[in-house]
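Here the structure is laid out as structure tokens; the discussion comes afterwards.
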Amino acid sequence: MRPRLHRTIETPLRLRLRPPAPSPPEPHSPSHSCTLPWISPLHYLPPSTPTSSPPPPSPTSPPPKPATRHLTHPEAARLISTEPDPQRALDLFNSLSLQPGFSHNHATLSALLLRLAKSRKIHAVDSLLSLIRLHHPCRLYEPPFLSLISLLASRFSLHEKSLDIFLSLPALLRHKPSPKAVSTCLNLLVESGKLDLVDKLVLHVKGWYVSGMNACICNILIKHYCKVGAIEKAFELLEEMKQSGSEDTKPNLITYTTLMGALCKEGKVKEAFQLFEEMIERDRIVPDQLTYNVLTDGFCRQGQMDKAVAVLGFMRSNGCEPNKFNYSTLINGFGKAGKVDEAKNMFDEMHRAGLQRDAVSYTTLVGCLCRNGKVDEGIELVKEMNQRGCNADVVTYNLVIEGLCKEGRVVEALTLLERLPDEGVKLNAASYRIVMNCLCREDDMDRAFGLLKLMLRRGFIPHFAASNQLLVGLCNIGRVTDATVALYGLTEKGFVPETGSWDRLLESVCRERKMQKCFELLDDLAVVE
DNA sequence: CTAGGGTTAG
């Protein structure tokens with residue numbers, strides 16, 4: 001009855017299987033030695049998990065039948081890819097093999113691969129690929145594999161197994177992957193910060209493209225080096241690109257913009273500007289709005305607002321009209337510098353320049369107002385943007401909520417949290433955490449506990465530190481029952497308290513002579529550790 | 001979802 005602490009266990013993805021299908025059919029045509037053999041679902045069964053009582057396959061029960069006996073390959077492929085259940089897609093694939101004279105080709109194989117990948121049945125995909133390698137002489141094409149890699153990537157991140165699949169491509173395609181395929185894969189790894197896997201891929205890529213990679217691949221690598229703080233390596237690669245004879249390895253605008261951005265983030269605007277000039281004078285590359293924006297942002301970060309504004313004039317005189325990004329960057333810069341009036345001016349100038357002010361530019365100004373003690377003005381602006389059809393979203397409201405908290409208007413912030421979801425605004429964990437952190441900072445445990453209940457009801461949990469603070473804070477004011485309620489609510493969502501919070505909690509419970517409760521807690525502690 | 005920019009939280 002009482003809640004228990006437990007850890008979530010990652011269950012491995014695997015194809016869930018129906019009881020075994022009838023045993024492989026008698027080879028109807030032994031001469032078709034090169035067709036893919038019947039894929040028994042058993043291939044995917046982990047060794048130790050046979051279903052306890054599989055209905056004995058009656059010899060008369062046929063495998064699932066396709067709608068017609070003589071499906072063409074495109075029809076079959078369409079059926080496989082539109083089948084909602086991956087297991088049924090596999091069954092269908094298998095039963096197709098039984099059609100007299102039918103052998104799978106690249107279309108049906110690709111369809112099944114993609115169908116399995118869509119359900120993240122990565123091990124099934126892997127097994128199928130091994131089978132293809134072993135038995136299937138037909139040639140496969142790259143585009144399905146590209147989709148495959150993207151499908152296996154969950155939320156833009158790629159794990160090692162998917163990379164291995166990618167690396168096995170040359171064997172299946174009988175040629176090296178296209179630069180586009182490499183870029184897709186590399187970028188997924190770089191974006192998700194899988195450093196070791198990036199290295200692994202790069203090693204292979206160097207073997208594939210001995211003569212040099214194209215600019216796109218290099219640019220992704222440069223981005224990677226910049227991200228991990230190895231700017232020197234990024235510049236080494238720039239040098240290599242400059243020296244390469246091939247036209248499509250030459251550094252381009254993206255190469256320079258990436259490097260300039262990295263320099264600016266390190267506070268080296270001056271060097272970024274030198275690089276900018278070098279790009280124009282040496283390589284005759286014409287900057288665009290984005291390149292200018294990187295520079296503008298660089299100056300803003302250094303608080304050099306005069307120079308940031310100057311960039312705007314400079315680009316205009318070079319025939320490059322500023323866009324909403326350029327203005328938003330400046331508004332943001334003024335906001336960070338505490339120059340509210342200048343930010344407002346920029347916002348108006350943007351309008352005069354004939355540019356639509358979108359939700360982001362509004363939000364930037366809202367943030368500027370809220371961070372500089374003008375929450376009420378910020379709230380007015382939110383009303384205005386909503387009226388103009390640029391609906392304020394979580395980001396906007398989080399800024400308002402943050403502003404309210406900073407001014408000690410937590411109650412209003414709480415009201416927004418309570419009300420906004422009903423008005424169609426999808427709040428996120430940050431929305432609640434901003435307020436929770438504020439309440440913990442102010443040691444307002446009563447409201448913090450109330451907020452916790454709201455959060456848990458809506459499926460959010462506070463930041464780790466705040467959770468611990470809340471538990472200890474409740475103990476400190478003698479609300480031991482609430483503390484245990486909070487603890488159980490939090491642990492149910494996977495939270496494991498700091499040992500310090502445990503100590504404090506146990507101490508309080510013991511002091512209140514609730515020995516039974518105390519034992520229960522100790523029991524849970526034992527489960528965790 | 002082949003490469004570069006502006007808003008929030010931790």
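We name chains A, B, ... by the order of the sequence lines, and we start the count at 1 in each one.
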ask   = What does A:Leu290 touch in the nucleic acid at a heavy-atom separation under 4.0 angstrom: a base, only the sugar-phosphate, or nothing?
value = base
ask   = Which nucleotide in the set B:dG6, B:dC1, B:dA3 lies at the smallest distance from any side-chain heavy atom of A:Leu188?
value = B:dC1
message = Under 4.0 Å between a side-chain nitrogen and a carboxylate oxygen: does that hold for A:Arg419 and A:Asp422?
response = no
key: Per A:Ser183 side chain, nearest of listed nucleotides B:dA3, B:dT8, B:dT2   = B:dT2
key: Short side-chain N/O contact from A:Lys223 to OP1 or OP2 of B:dG4, under 4.0 Å   = yes
message = Any base atoms under 4.0 Å from A:Thr291, or only sugar-phosphate, or nothing? Heavy atoms, all strands.
response = base
ask   = Can you name the one residue among A:Asn398, A:Thr396, A:Asp358 that meets side chain to side chain donor-acceptor pair (under 3.5 Å) with A:Thr363?
value = A:Thr396
key: Shortest side-chain distance from A:Gln289, nucleotide among B:dT8, B:dA9, B:dG5   = B:dG5
ask   = When you measure from the side chain of A:Leu253, which nucleotide among B:dT8, B:dA3, B:dG4 comes out closest?
value = B:dG4
note = Side-chain atoms of A:Arg371 come closest, of B:dT2, B:dG6, B:dA9, to B:dA9
task = Return the orientation label for the A:Phe273 and A:Phe299 ring planes: parallel under 30°, perpendicular over 60°, tilted otherwise.
result = tilted
task = Check whether the side chain of A:Thr329 and the base of B:dG6 form a donor-acceptor pair under 3.5 Å.
result = no
key: Distance, P atom - from B:dG5 to B:dC1, rounded to whole angstrom   = 14 Å
message = So, does A:Arg433 get its side chain near the phosphate of B:dT8, meaning an N or O under 4.0 Å from OP1 or OP2?
response = no
note = Per atom distances to the A:His463 side chain, the nearest of B:dG5, B:dG10, B:dT8 is B:dG10
message = Quick check on B:dG6: is either OP1 or OP2 less than 4.0 Å from any side-chain nitrogen or oxygen of A:Asn293?
response = no
message = I'd like to know if A:Asn437 reaches the base of B:dG10 with its side chain such that a donor and an acceptor end up less than 3.5 angstrom apart.
response = no
request  = Could you check whether the rings of A:Phe495 and A:Phe464 sit parallel, tilted or perpendicular, using 30° and 60° as the cut-offs?
outcome  = tilted
Between A:Thr291 and A:Asp288, a side-chain donor and acceptor under 3.5 Å = yes
note = When rounded to whole Å, the NZ to C1' distance for the pair A:Lys265 and B:dG6 reads 11 Å
task = Send over the distance from A:His224 NE2 to B:dA3 P, rounded to a whole Å.
result = 16 Å
remark   = Looking only at B:dT8, B:dA3, B:dG6, the nucleotide nearest the A:Lys324 side chain is B:dG6
message = Is it the case that B:dG5 (base atoms only) and A:Asn323 (side chain only) share a donor and an acceptor within less than 3.5 Å, ignoring hydrogens and angles?
response = yes
ask   = What's the CD-C1' distance between A:Glu191 and B:dC1, to the nearest Å?
value = 10 Å
ask   = Can you tell me how far P of B:dG5 sits from CZ of A:Phe325, to the nearest Å?
value = 10 Å
inquiry  = Can you confirm whether A:Lys270 is buried at NZ, in the sense that more than 12 heavy atoms of other residues, nucleotides or ligands lie under 6.0 Å from that atom?
reply    = no
ask   = Should A:Asn214 be listed as having a side-chain N or O under 4.0 Å from OP1 or OP2 of B:dT2?
value = no
note = A:Tyr362 atom OH is separated from B:dT7 atom P, nearest whole Å, by 19 Å
message = Let's see if you can work this out: which of B:dA3, B:dG6, B:dG5 has an atom nearest to the side-chain heavy atoms of A:Ser328?
response = B:dG6
key: Length of the line joining A:Ile285:CD1 and B:dG4:C1', which is rounded to integer Å   = 13 Å
key: Distance in angstrom units between A:Ile331 CD1 and B:dT8 C1', rounded   = 17 Å
inquiry  = Taking only side-chain N and O atoms of A:Thr257, does any of them lie within less than 4.0 angstrom of OP1 or OP2 on B:dG4?
reply    = no
key: Atom pair distance, as rounded to whole Å: CZ in A:Phe166 and P in B:dC1   = 17 Å
task = Please determine if A:Arg433 forms a cation-pi arrangement with A:Phe460, meaning its NZ or CZ atom is less than 6.0 Å from the six-membered ring centre and no more than 45° off the ring axis.
result = no
message = Below the 4.0 Å mark, does B:dG6 have OP1 or OP2 next to a side-chain nitrogen or oxygen of A:Asn332?
response = no
key: Among B:dT2, B:dG4, B:dT8, the nucleotide that comes nearest once only the side chain of A:Lys180 is considered   = B:dT2
task = Indicate, with a heavy-atom threshold strictly under 4.0 Å, whether A:Ser361 touches base, sugar-phosphate, or nothing.
result = base
ask   = With distance as the sole criterion, do the side chain of A:Asn252 and the base of B:dA3 form a donor-acceptor contact below 3.5 Å?
value = yes
